[in-house]
Amino acid sequence: MNGMDWKRMHGGPDGDLPFHCRVYRKSELAQLYFPESDTKTALQGLARWIKRCTELGEALEAVGYEKNRRFFRKPEVELIVKFLGEP
């Protein structure tokens, strides 16, 4: 994948493309919410937000969220955006 393809999928450096709900690696989505953090810190931050938002945790559980899976399915991403807002 070249740089232009990546920008088309993820937005340009100025965030000029809209966020799209799709399957995301947990690390990828976490970095969108915490762009200044390293991967481990971003993952911990997103996990903390999910844990603290009880309604989000319950909604994720209802759609089959698995804590140890390495990616978020599209319905899970939609719930995260609904409760936390777009990254």
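Remember, predicted model here, so these are calculated numbers, not experimental data. Note that these values count all heavy atoms, side chains included, but never hydrogens, waters or copies made by symmetry.
- A side-chain donor from one of Thr39 and Gln31 sits under 3.5 Å from a side-chain acceptor of the other.
- Counting heavy atoms from C-beta on, the side chains of Ile80 and Phe72 come closer than 4.5 Å.
- Under the 30°/60° scheme for interplanar angles, the aromatic rings of Phe19 and Tyr24 are found to lie parallel.
- The nearest pair of heavy atoms linking Phe83 to Cys53 is CD2-SG, 4.0 Å.
- If you chain together hydrophobic residues whose side chains sit under 4.5 Å apart, Val77 and Val23 never meet in one group.
- Of the inter-residue distances, the one linking His20 atom NE2 with Glu86 atom CD reads 9.5 Å to the nearest 0.5 angstrom.
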Please output the side-chain donor-acceptor pairs of residues 62-70 that fall under 3.5 Å, not counting sequence neighbours, one pair per line with the distance.
from	atom 1	to	atom 2	distance (Å)
Tyr65	OH	Lys26	NZ	3.2
Arg69	NE	Phe71	O	3.2
Arg69	NH2	Glu76	OE1	2.8
Arg69	NH2	Glu76	OE2	2.4

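- The two residues Ala42 and Ser37 have their closest heavy-atom pair at N-CB, 3.9 Å.
- Of the charged side-chain nitrogens involved, none lies within less than 4.0 Å of a carboxylate oxygen, so that Arg22 and Glu78 do not count as a salt-bridged pair.
- Counting all heavy atoms, side chain and backbone alike, Phe34 lies closest to Leu46 at CE1-N, 3.4 Å.
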Tell me which donor-acceptor pairs under 3.5 Å the side chains of residues 54-61 have, and how far apart each pair is, sequence neighbours excluded?
none

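- One distance of note links OG of Ser27 with CG of Asp38; it measures 11.5 Å at 0.5 Å rounding.
- No continuous path of hydrophobic side-chain contacts links Leu29 to Leu43 [ILVMFWY only; heavy atoms under 4.5 Å].
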